[in-house]
**Student:** 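The structure that follows is given in the form of structure tokens.
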Amino acid sequence: MTDQDSARRPKYQRIADELRTAIESGAFAPGDRLPGENDLMTTYAVARMTARQALSVLRNEGLAEARKGAGVFVRVFRPLRRRGIPRLSGDRWGSGRSVWSADVEDRSLVVDQIEVAEAAAGARVAGALNLSPGAPVCVRSRRFVLDTKPVLLSVSYLSAELVRGTPITEPDTGPGGTYARLTELGHRPVRFREEIRCRMPTADESDRLALEFGTPVVLIGRTAFTGPGVAVELNEMTLDSSSYVLEYDFDA
């Protein structure tokens with residue numbers, strides 16, 4: 001970009017560019033407070049709206065976050081590394097460990113919202129599980145919170161006739177989770193398929209995940225299959241894209 005091109009950019013973009021460069025150079029370290037609106041107004045001789053727009057650019061890019069009553073800070077990014085293949089190993093959940101334990105290491109991941117109910121399968125769920133539309137399904141809805149920050153919404157669907165009266169219909173499914181309980185029922189998952197896409201969040205998703213404005217979500221739809229190829233679970237996950245790195249490590 002030439003100096004002439006730079007001069008034609010809106011003032012708030014130029015201020016954001018300078019702050020971004022300072023962040024990338026380490027002049028502002030993760031967790032540092034950025035200059036506030038009043039500081040930027042004085043330094044750059046701009047209106048409050050211009051200063052506010054400059055800080056909003058950095059927030060929308062995921063480089064900064066606002067803390068109520070404290071200001072705007074350089075975001076501390078310690079991503080949750082979602083190891084897509086080893087986390088689903090039968091050795092993991094078969095030994096009583098949660099599939100989520102592969103992601104969190106020594107960090108605190110809790111489920112702070114959980115609902116388990118029975119509902120009629122819509123066309124999408126029925127198709128994924130090879131059920132008749134309207135067939136009863138067990139629906140397990142959960143919100144996962146990492147280090148006090150909501151990071152994931154997860155909804156699992158299973159045939160109600162298959163799991164009715166088992167711990168899968170309870171809030172706590174027990175050691176190893178749903179896959180261990182399916183194994184006990186004679187329906188051990190041996191293959192998984194995941195589909196991944198991204199979009200902007202709905203208002204409800206933004207609220208439940210406490211997302212910064214402009215932050216997209218990652219959608220992962222996972223289907224679990226038994227040896228004969230029967231689909232026994234559809235799990236639809238909504239991830240805060242600013243909190244995750246998706247890792248897939250496999251042999252050539």
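We're numbering straight along the sequence, starting at 1. Computed from a prediction, not measured in an experiment: that's the story for all the values here.
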**Student:** State whether the number of non-hydrogen atoms from other residues, nucleotides or ligands found under 6.0 Å of E118 atom CD is greater than 12.
**Tutor:** yes
**Student:** Could you walk me through whether L131 and S159 pass the side-chain contact (heavy atoms from CB on, under 4.5 Å) test, one step at a time?
**Tutor:** CA-CA 8 Å; L131 300 173; S159 167; 4.3 Å; yes
**Student:** Which atoms form the tightest heavy-atom contact between K11 and A45, and what is the distance?
**Tutor:** NZ-O, 4.5 Å
**Student:** If you apply the rule side-chain contact (heavy atoms from CB on, under 4.5 Å), what do you find for L162 with L182, and how did you get there?
**Tutor:** CA-CA 9 Å; L162 178 66; L182 285 170; 4.0 Å; yes
**Student:** Any non-hydrogen side-chain atom of T21 less than 4.5 Å from a side-chain atom of E18?
**Tutor:** no
**Student:** Is the backbone of P10 close enough, under 3.5 Å, to the side chain of Q13 for a donor and an acceptor to pair up by distance?
**Tutor:** no
**Student:** For the pair L19 and L55, evaluate side-chain contact (heavy atoms from CB on, under 4.5 Å) and give the outcome as yes or no after the intermediate values.
**Tutor:** CA-CA 9 Å; L19 291 173; L55 293 171; 4.2 Å; yes
**Student:** A side-chain contact here means heavy atoms from C-beta on lying under 4.5 Å apart; do N235 and T178 qualify?
**Tutor:** no
**Student:** State yes or no: do L209 and L146 share one hydrophobic cluster built from I, L, V, M, F, W and Y residues joined by side-chain heavy-atom distances below 4.5 Å, directly or via other members?
**Tutor:** no
**Student:** How about CE on M49, more than 12 heavy atoms from neighbouring residues, nucleotides or ligands closer than 6.0 Å, or not?
**Tutor:** no
**Student:** Within the side chain of R20, is there an N or O that forms a donor-acceptor pair under 3.5 Å with the backbone of V57?
**Tutor:** no
**Student:** Is a donor on one side and an acceptor on the other found under 3.5 Å between the side chain of S132 and the backbone of A135?
**Tutor:** no
**Student:** Would a 4.5 Å heavy-atom cut-off, applied to side chains only, mark I220 and L239 as touching?
**Tutor:** yes
**Student:** Taking all heavy atoms of A16 and all of A54, pick out the closest pair and write down the distance.
**Tutor:** CB-O, 3.7 Å
**Student:** What residue among S206, S241, P201 forms side chain to side chain contact (heavy atoms under 4.5 Å, CB included) with T215?
**Tutor:** S241
**Student:** For a 4.5 angstrom cut-off between non-hydrogen side-chain atoms, does L153 reach S141?
**Tutor:** no
**Student:** If you define the side chain from C-beta out and look only at heavy atoms, does anything of Y12 sit under 4.5 Å from V46?
**Tutor:** no
**Student:** Mind checking whether V151 and M237 sit in one hydrophobic cluster, side chains of I, L, V, M, F, W, Y counted as touching below 4.5 Å?
**Tutor:** yes
**Student:** Between V218 and Y244, is the side-chain contact (heavy atoms from CB on, under 4.5 Å) condition met? List the steps.
**Tutor:** CA-CA 9 Å; V218 177; Y244 274 89; over 6 Å; no
**Student:** For residues A64 and V72, report the shortest heavy-atom separation together with the two atoms involved.
**Tutor:** CB-CG1, 3.7 Å
**Student:** Compare every heavy atom of A70 with every heavy atom of R33, then report the nearest pair and how far apart it is.
**Tutor:** NE-O, 3.1 Å
**Student:** Is the shortest heavy-atom distance from the side chain of R48 to the side chain of N38 under 4.5 Å?
**Tutor:** yes
**Student:** Assess whether atom CD of Q113 is packed by more than 12 heavy atoms of other residues, nucleotides or ligands within 6.0 Å.
**Tutor:** yes
**Student:** Among the clusters formed by ILVMFWY side chains lying less than 4.5 Å apart, do L34 and F73 turn up in the same one?
**Tutor:** no
**Student:** Taking a hydrophobic cluster as the set of Ile, Leu, Val, Met, Phe, Trp and Tyr residues connected by side-chain heavy atoms closer than 4.5 Å, whether directly or through intermediates, do V155 and V137 fall within one such cluster?
**Tutor:** yes
**Student:** Are V217 and L211 close enough that some pair of their side-chain heavy atoms sits under 4.5 Å apart?
**Tutor:** yes
**Student:** Verify, without hydrogens or angle tests, whether R9 (side chain) and D17 (backbone) share a donor-acceptor contact under 3.5 angstrom.
**Tutor:** no
**Student:** Give me the atom names and distance for the closest heavy-atom approach of V163 to C138.
**Tutor:** CG2-CB, 3.7 Å
**Student:** Can you tell me if N60 has over 12 outside heavy atoms packed within less than 6.0 Å of its CG?
**Tutor:** yes
**Student:** Can any side-chain N or O of D207 pair as donor or acceptor with the backbone N or O of D204 at less than 3.5 Å?
**Tutor:** no
**Student:** Are V76 and L63 linked, directly or through other ILVMFWY residues, by side chains that come within less than 4.5 angstrom of each other?
**Tutor:** no
**Student:** Quick one: does T43's side chain have a donor or acceptor within less than 3.5 Å of a partner on L40's backbone?
**Tutor:** no
**Student:** If you measure from the Lys or Arg side-chain nitrogens to the Asp or Glu carboxylate oxygens, is any gap between E170 and R181 under 4.0 Å?
**Tutor:** no
**Student:** Is the shortest side-chain N to carboxylate O distance from K149 to E65 below 4.0 Å?
**Tutor:** no
**Student:** Would you say that V145 contacts R143 through its side chain, given a criterion of any heavy-atom pair below 4.5 Å between the two side chains?
**Tutor:** yes
**Student:** Distance-only, no hydrogens or angles: does the R140 side chain make a donor-acceptor pair with backbone N or O of P171 under 3.5 Å?
**Tutor:** yes
